[in-house]
Number of protein chains: 2
Amino acid sequence: MSAKQRELAVKLQKRIASGEFSEKGKLPTEDQLIEQYGVSRYCVRGAIAMLAAAGEVFPMRGSGVFVREDRAGNYMPIGTSYGIAADFPDRKVSSFVQELALIRADAELAHRMRCAEGDQVWRVVRLRSVDDQPISYETAWYLKEFVPYLNEEIARGSLYSYMRNDLGLSFGFDDKVIHMDWLTAEAARLLGLNEGDPAICIEDDAFLSNGRLFNASKNVYHYKNARFYSMAAMR
Amino acid sequence: MSAKQRELAVKLQKRIASGEFSEKGKLPTEDQLIEQYGVSRYCVRGAIAMLAAAGEVFPMRGSGVFVREDRAGNYMPIGTSYGIAADFPDRKVSSFVQELALIRADAELAHRMRCAEGDQVWRVVRLRSVDDQPISYETAWYLKEFVPYLNEEIARGSLYSYMRNDLGLSFGFDDKVIHMDWLTAEAARLLGLNEGDPAICIEDDAFLSNGRLFNASKNVYHYKNARFYSMAAMR
DNA sequence: TAGTGGTCTAGACCACAAA
DNA sequence: TTGTGGTCTAGACCACTAT
């Protein structure tokens, strides 16, 4: 979505959070927002669509755009279409780097990374925590072709924003596969669980806007601390 | 999304599946599609957005709309925004009704269903299978206020299409929470697993287009047979 | 430089909810 | 009947890719 729509979405989100609309339970009409912000209807509808995708509001034809009741809080988003999650950060995420190495892809990894065998790949293993609770054990691979340099300090922060802001990479889309898995001894130790405990596992393939895969990762999640939510229109 | 856009999306999907675009690797340009189908750019872009949300294509500014490589097949969609999944069915789903009863909501269920204690609720327990493999044990509740009648034959089929087509309900949105759980003896027996085995659990709250909850359900999934995918734009 | 998708505007009509 | 969001059109300009 465009910057203009995103800006408006953020402004409206703040007004929602302030409780400004809690009496009526709904936002101003589209026409009123057009006037209030001096933008076109296209822009207003784009912003509202973002808020709806994030579960903040639901538009009801003929009636208005209603603010949704608060959904319970301790969940992680899945399928963050339009990247709204990045715009409304409400959780503290920390990463503890366990391993950072430049390796060469074997046959299996090359297949996964859509690269040639022997190509250079960064391998990064991190323990991730949310609000100081261990949440997942992540193993990620990045093609050196697109990420020429990496160090532990960068990996402690947000690799995502490093790649976007410092490397100038532009992201396209990502695929996730969710399934059950079992903890390795190492993952269990770091998560404070036992080897062989079950875990929700998310495999993630991330692509640049030119369609090239640049990052694959495998996250195994703490079965007690990790809960995910997904919201969808059913129309 | 609108019917016109959905129709166009289905037509394009068929052309993609036929391999018509496999040489160039991309769709005709937006302007060409406008001419080919005699529709507006709004409509063309809506259809392409649906295909992109379903992971069929990815549009690349300045270059075209590319057909994506086939993603592996045996996964269930999660967060089916825009209901594309319903339009491109490629799996056989069967349901075996274990229980169907009209009950009255106790305090806990009333809270979950956003209804008053004592209100009438259908309780439906089904074993669901995909391509003849047991995939989940589902416990679902439907408010009698919105679903006045139900029987076993209906429950064997698609409750979703019954409610839409026969009862004329119009759906709004739904919330999912995904977490780990453990199988009960009954669920384990029906899934062919053992009591206490881990399971991915999805709690689903479904709302009508007027914002009223009409259905809540809890699905526990076979940890071997069930895999989910989710695709998202990262822009 | 030409071609293509992304954003944006202005305006029309339709479908539905509420008074 | 009125007001609201949903769909649709026509057209303009911008951002990016490819040549």
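A note on names: the letters A, B, ... follow the listed sequences, proteins ahead of strands, and every chain is numbered from 1.
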Please report the C-alpha distance between A:K218 and A:D204 in whole Å, then the side-chain angles of each, then the deciding distance to 0.1 Å, and finally whether the salt bridge (charged side-chain N to carboxylate O under 4.0 Å, His left out) criterion is met.
CA-CA 6 Å; A:K218 172 178 177 146; A:D204 194 312; over 6 Å; no

We want to know whether B:R128 and B:S95 form a side-chain donor-acceptor pair, criterion being a heavy-atom distance below 3.5 angstrom.
yes

Looking at the side chain of B:K4, which of C:dG5, D:dG5, D:dT9 is the nearest nucleotide?
D:dT9

State whether the distance check finds a donor on one side and an acceptor on the other, under 3.5 Å, for side chain A:R41 versus base D:dT7.
yes

Quick check on B:E35: does its CD atom have over 12 non-hydrogen neighbours (other residues, nucleotides or ligands) under 6.0 Å away?
no

Mind calculating the distance between CE (B:M50) and C1' (D:dT7) to the nearest angstrom?
11 Å

Using a 3.5 Å cut-off and no angle test, enumerate the donor-acceptor pairs between side-chain atoms of residues 21-28 of chain B and protein atoms at least two apart in sequence or in another chain.
unit_1, atom_1, unit_2, atom_2, d
B:S22, OG, B:G19, O, 2.6
B:K26, NZ, B:S63, O, 2.8

Taking for each residue the nucleotide of DNA chain C bearing the nearest heavy atom, is the 5' side occupied by B:I48 or by A:C43?
B:I48

Any donor-acceptor pair under 3.5 Å linking the side-chain atoms of B:S136 with those of B:N219?
yes

Please tell me which of the listed nucleotides, D:dC8, D:dG6, C:dT7, lies nearest to the side chain of B:Y42?
D:dC8

Any protein N or O atoms within reach of nucleotides 14-19 of chain C? Criterion: under 3.5 Å, listing atom names and distances.
unit_1, atom_1, unit_2, atom_2, d
C:dA15, O4', A:R61, NH1, 2.8

Ring-plane angle category for B:F66 and B:F58, please: parallel below 30°, perpendicular beyond 60°, tilted otherwise.
parallel

Measure from the side chain of A:P59, starting at C-beta and using heavy atoms only, and say which of C:dC8, D:dG6, D:dT4 lies closest.
D:dG6

